[in-house]
Amino acid sequence: DDPPLENIDAPTIVLCGTEDDIFPDANSALIAEQIPSSQLVLVPGAGHALHLEAPEDLAVAIRSLLAPH
């Protein structure tokens with residue numbers, strides 16, 4: 001069994017493309033709501049393959065997560 005999302009205490013970003021048909025942004029929002037101190041990042045116009053469709057946006061989101069550390 002996976003632990004409840006509420007138990008995640010690591011810095012977390014939930015990334016989703018607004019055009020993702022596999023995992024819609026509404027699902028990502030639900031996940032982000034359950035993880036304390038998480039940040040939801042929606043990438044406009046991107047689908048499920050963020051690393052291919054919007055690598056710059058992905059890099060910015062990851063850098064912003066890691067910057068304080």
Side-chain angles (χ1 to χ4, degrees):
D1 287 322
D2 292 329
L5 295 174
E6 303 86 38
N7 292 343
I8 296 174
D9 62 359
T12 304
I13 52 174
V14 179
L15 293 158
C16 183
T18 60
E19 304 302 316
D20 190 336
D21 294 330
I22 297 170
F23 203 85
D25 54 5
N27 291 14
S28 295
L30 288 173
I31 290 172
E33 287 174 12
Q34 295 178 46
I35 301 173
S37 302
S38 69
Q39 177 185 359
L40 175 63
V41 176
L42 297 177
V43 180
H48 192 69
L50 289 175
H51 64 293
L52 298 175
E53 299 174 49
E56 297 85 12
D57 293 319
L58 180 61
V60 167
I62 292 171
R63 284 188 196 111
S64 73
L65 175 72
L66 297 176
H69 308 282

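Throughout, numbering of the chain's residues begins at 1 and tracks the sequence. Heavy atoms only: backbone and side chains are in, while hydrogens, waters and symmetry mates are out.
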Per-pair distances, 0.1 Å, donor-acceptor, side chain in residues 3-16, under 3.5 Å, sequence neighbours excluded:
from	atom 1	to	atom 2	distance (Å)
T12	OG1	A10	O	2.7

Pairs where residues 21-30 contributes a residue and the test side-chain hydrogen bond (donor to acceptor under 3.5 Å, both in side chains) is met, not counting sequence neighbours = none
Taking distance alone, no hydrogens or angles, what donor-acceptor pairs closer than 3.5 Å link side-chain atoms of residues 62-69 to residues at least two apart or in another chain?
from	atom 1	to	atom 2	distance (Å)
S64	OG	A61	O	2.8

request  = Go through the structure and list residues passing side-chain hydrogen bond (donor to acceptor under 3.5 Å, both in side chains) with D20, not counting sequence neighbours.
outcome  =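 Residues passing side-chain hydrogen bond (donor to acceptor under 3.5 Å, both in side chains) with D20: H48.
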message = Looking at G47, is its backbone amide N or carbonyl O close enough to the side chain of E53 to form a donor-acceptor pair, meaning the two atoms are under 3.5 Å apart?
response =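 Flag set: sc E53 to bb G47 pair under 3.5 Å.
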Show which side-chain atoms of residues 33-45 pair as donor or acceptor with protein atoms under 3.5 Å away, not counting sequence neighbours.
from	atom 1	to	atom 2	distance (Å)
Q34	NE2	L30	O	3.4
S38	OG	A32	O	2.7
S38	OG	I35	O	3.0

query = Looking at residues at least two apart in the chain, or sitting in another chain, which of them share a side chain to side chain contact (heavy atoms under 4.5 Å, CB included) with P55?
reply =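 P55 satisfies side chain to side chain contact (heavy atoms under 4.5 Å, CB included) with no residue once adjacent residues are dropped.
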